[in-house]
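In the text below, chain A, chain B and the rest are named by the order of the sequence lines, each starting its count at 1.
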There are 2 protein chains.
Amino acid sequence: MKNITDIAKIAGVSKSTVSRYLNNGSVSNKTKQKLDKIIEENDYQPNQFARSLRAQSTNMIGAIIPRMNSHAVDETIKGVKKVCDNLNYRLLLNYTNLHSELEIDALETFNRSKVDGVIFMATEITDKHLEVINKMNVPVVIIGQEHPQLNCVIHDDYQAGYMVGKLIGQKSYKKVKYFGVTETDIAVGVKRKNGLCDGLKAFEIEPVISETSFHYKEALKDVSSDLENARDYDVIIGATDSIALAVHKFTFDYEDKLQQPLIVGFGGDPVTEIVTPAINTVEYHFVEAGEIAMSKLQRSIKNQQKDDISVVDVTCAFKL
Amino acid sequence: MKNITDIAKIAGVSKSTVSRYLNNGSVSNKTKQKLDKIIEENDYQPNQFARSLRAQSTNMIGAIIPRMNSHAVDETIKGVKKVCDNLNYRLLLNYTNLHSELEIDALETFNRSKVDGVIFMATEITDKHLEVINKMNVPVVIIGQEHPQLNCVIHDDYQAGYMVGKLIGQKSYKKVKYFGVTETDIAVGVKRKNGLCDGLKAFEIEPVISETSFHYKEALKDVSSDLENARDYDVIIGATDSIALAVHKFTFDYEDKLQQPLIVGFGGDPVTEIVTPAINTVEYHFVEAGEIAMSKLQRSIKNQQKDDISVVDVTCAFKL
DNA sequence: TTGTACGCGTTATCAC
DNA sequence: GTGATAACGCGTACAA
């Protein structure tokens, strides 16, 4: 592999001339053409590490994602990538498979790698997360959870829950079941649930609440044992689309086809419309969230200061 | 951000001592303890770029993935990551959203970034791909497509198709429909189809073949218009699980519930068992493929030479 | 327009 | 066990 000095020698110029050719331009037409050819022939590529070392910046953004096979993650990263492309940042993904320690590890790695900024799709922010993030000398933007000391983009989960609650109340459904998730996840476990309860409360409905897992398979177990002895719900709501799908899977086999409950989920996962009858799901604007997050990050990189939390609206595309 | 010289100054030693402390060891107990403390206090992290520049190697593996929200990609990367963790490589993902130019771009970027090796999940290998890969001075392993000049890991798509064909023939189904994909995708578009046809041929069955898209939505359109006037198939096979799901979606609404066709897909996507009735799908061993690919890459990095194509078996977990 | 000299942060070599 | 020094590849004042 050739370096800038090799190229300079071949061209019979100094390496600063080659460097100028590569960056600003300011070289004579003659040497320009000579270099065009030589660099092409030797397919020379400047060493990115030497560049970064020198420039003290890498033009890279690191993104930490909890998992891959997820509509939410996919869409969010689409948004992030779009802005990255515009701003000429390289996007690197680090995937933690929902492991909290791997998140910490990834944060430290990106910090050490001196990426220009980090996008962190969080499911939970522990004290350890906070400690590591505060020590970092690279700006971080969190997507999906909020924390007063950090730079965050969140979805309006309370509103999402509230909208569903109101829609259900208006249609005068009576018996409502909710499968929620752990309260360590503030966004989904707490706010979404509270929104729903408040929305229902206006109609004097109190849902029956259980807690289950984000994972379809585990949710299916919980849902099955839970609903086995109580099949008279008008509406069953899953805190996520995965959970709603588990509910669908179980209730689909109810003997009495006519009395199947209405099923509602959150997240706008396209799988919800593959099943029949399609599941009603609240649309989250993940792409937009990704774009906003990356723009925020860009500002942090320039200004070094955090701004307020950004809240992305949700939309309820369905009518009950 | 402090560097090794700062730390050395604070400790009152030379930077070579600090470097030794960080790497081999060979320092006195006294200075060791001193450095323990100082490095902790200043949370000093060695600059990765300077290290790589010096070492001429990055300990990083770049992976190029076509999309994120996919069971196949998710599982494959799990396998790759597992081996990476064992070998102490960092894994970087670059996601191309199924854009061929972005793949080329990603290959060049990783080459310039001097990662130690590249894992490339390909849907297609064009001349342009070949040209770029051949110019690279970093080993590349392809997953999912084969090419005589390249280092590849593939699934046994012919066998997968053949197994399905034989199972169908044995059950004496008669009218068989197959929704395939473009033949530019050798693995899925050609081999899977040929396997199926050969498997069926043994039973003198000739399937009716159409071509459609990998994407669920587009497949649904094609499937709908195709099946609208021909609802008397015993078996309908989709070249991928997405296509099979589209078939399910359409045929589920057939008025005559009793005469619903059997549906078969390929890929083992968990979504196929969420729908009811569950779709029969051929299991692909993506995690294993990822592991094999990464092991191959590791060998290439050490030896600089390519070995034979690795073929990963498929399994047919269902009986018809 | 072109070339010289230096520094980015790290590690390896070789004296001491 | 420790410290000075060169080298990794590049960009950029500064001088020519």
Side-chain angles (χ1 to χ4, degrees), chain A residues 1-36 38-39 42-60 88 90 108-116 137-138, chain B residues 1-36 38-39 42-60 88 90 108-116 137-138:
Chain A
M1 190 62 182
K2 299 211 165 21
N3 64 28
I4 198 171
T5 312
D6 298 326
I7 300 297
K9 268 183 195 150
I10 299 175
V13 296
S14 81
K15 54 179 192 166
S16 25
T17 304
V18 180
S19 178
R20 251 178 291 115
Y21 165 91
L22 291 170
N23 302 298
N24 317 327
S26 188
V27 286
S28 75
N29 245 316
K30 202 172 158 187
T31 55
K32 184 173 196 161
Q33 285 168 9
K34 203 177 357 177
L35 285 172
D36 276 339
I38 293 176
I39 286 178
N42 297 272
D43 51 66
Y44 162 69
Q45 303 268 52
N47 182 312
Q48 200 59 48
F49 290 119
R51 275 193 159 164
S52 301
L53 178 59
R54 173 69 225 238
Q56 301 287 63
S57 113
T58 59
N59 250 27
M60 289 197 242
N88 219 14
R90 290 272 157 203
E108 285 172 338
T109 301
F110 278 141
N111 189 40
R112 197 168 30 234
S113 301
K114 301 218 182 307
V115 295
D116 292 356
N137 17 41
V138 163
Chain B
M1 189 63 183
K2 299 211 165 26
N3 63 28
I4 197 172
T5 312
D6 297 328
I7 300 298
K9 268 183 195 150
I10 298 176
V13 296
S14 80
K15 54 182 188 168
S16 355
T17 303
V18 180
S19 178
R20 249 177 293 114
Y21 165 91
L22 292 171
N23 303 298
N24 315 329
S26 186
V27 285
S28 75
N29 247 316
K30 203 171 157 189
T31 56
K32 186 172 194 160
Q33 283 168 11
K34 203 176 359 175
L35 284 173
D36 276 339
I38 293 177
I39 287 180
N42 296 271
D43 50 67
Y44 161 70
Q45 303 269 49
N47 182 314
Q48 200 60 46
F49 290 118
R51 277 195 157 161
S52 302
L53 179 59
R54 173 67 221 223
Q56 300 287 62
S57 117
T58 59
N59 249 28
M60 290 198 247
N88 218 14
R90 290 271 157 206
E108 285 173 337
T109 302
F110 278 141
N111 190 39
R112 196 168 31 235
S113 300
K114 300 217 182 310
V115 295
D116 292 354
N137 17 41
V138 164

Using a cut-off of 4.0 Å on non-hydrogen atoms, how would the nucleic acid contact of Thr31(A) be classed: base, sugar-phosphate, or nothing?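 It contacts sugar-phosphate atoms only.
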Please classify the nucleic acid contact of Tyr21(A) as base, sugar-phosphate, or nothing, using heavy-atom distances under 4.0 Å. nothing
Would you check if the side chain of [X] reaches a backbone N or O of [Y] as a donor-acceptor pair within less than 3.5 Å?
X        : Y        : answer
Lys34(A) : Ala11(A) : yes
Asn59(A) : Asn88(A) : yes
Asn42(B) : Tyr44(B) : no

Spacing between [X] atom [atom1] and [N] atom [atom2], to the nearest angstrom:
X         : N       : atom1 : atom2 : answer
Leu53(A)  : dC8(C)  : CG    : C1'   : 4 Å
Met1(B)   : dT10(C) : CE    : P     : 8 Å
Lys114(B) : dG9(D)  : NZ    : P     : 8 Å
Leu22(A)  : dG11(D) : CG    : P     : 6 Å
Asn47(A)  : dG11(D) : CG    : C1'   : 13 Å
Lys32(A)  : dT2(C)  : NZ    : P     : 11 Å

Expected rows: protein N/O vs nucleotides 12-16 of chain C N/O, under 3.5 Å:
| unit_1 | atom_1 | unit_2 | atom_2 | d |
| --- | --- | --- | --- | --- |
| dA12(C) | O4' | Arg54(B) | NH2 | 3.0 |

Return the angle between end axes of the helix from dT1(C)-dA16(D) to dC16(C)-dG1(D), with five pairs used per end and rounding to 10°.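 Axis angle across the helix from dT1(C)-dA16(D) to dC16(C)-dG1(D), nearest 10°: 40°.
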Presence of [X] side-chain N/O under 4.0 Å of [N] phosphate oxygens OP1/OP2:
X        : N      : value
Gln56(A) : dG9(C) : yes
Thr17(B) : dT2(D) : no
Ser28(B) : dT2(D) : yes
Arg51(B) : dG9(C) : no
Gln45(A) : dG9(D) : no

Between residues 2-11 of chain B and DNA chain C, which residues have a heavy-atom gap below 4.0 Å? Asn3(B), Ile4(B)
Distance, nearest 0.5 Å, that separates [atom1] of [X] from [atom2] of [Y]:
X         : Y         : atom1 : atom2 : answer
Arg112(A) : Met1(B)   : CZ    : CE    : 9.5 Å
Arg51(B)  : Leu53(A)  : CZ    : CG    : 13.5 Å
Arg90(A)  : Thr109(B) : CZ    : OG1   : 3.0 Å
Asn29(B)  : Asp36(B)  : CG    : CG    : 9.5 Å
Ser113(A) : Phe49(A)  : OG    : CZ    : 8.5 Å

Look at the side chain of Lys15(A) and decide which nucleotide, out of dC10(D), dT10(C), dG1(D), has an atom nearest to it.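 When the side chain of Lys15(A) is considered, dC10(D) is the closest of dC10(D), dT10(C), dG1(D).
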Shortest side-chain distance from Tyr44(B), nucleotide among dT4(C), dA4(D), dT10(C):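 Selected nucleotide (nearest to the side chain): dT10(C).
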Chi angles and distances behind the side chain to side chain contact (heavy atoms under 4.5 Å, CB included) call for Ile10(A), Lys2(A): CA-CA 11 Å; Ile10(A) 299 175; Lys2(A) 299 211 165 21; 4.1 Å; yes
Residues Gln56(A), Lys114(A); criterion side chain to side chain contact (heavy atoms under 4.5 Å, CB included); working and verdict: CA-CA 8 Å; Gln56(A) 301 287 63; Lys114(A) 301 218 182 307; 5.6 Å; no
Before giving the answer on side chain to side chain contact (heavy atoms under 4.5 Å, CB included), spell out for Asn3(A) and Asn47(A) the whole-Å C-alpha distance, their side-chain angles and the decisive distance to 0.1 Å. CA-CA 8 Å; Asn3(A) 64 28; Asn47(A) 182 312; over 6 Å; no
Verify side chain to side chain contact (heavy atoms under 4.5 Å, CB included) between Val138(A) and Phe110(A), making sure each step is shown before the conclusion. CA-CA 9 Å; Val138(A) 163; Phe110(A) 278 141; over 6 Å; no
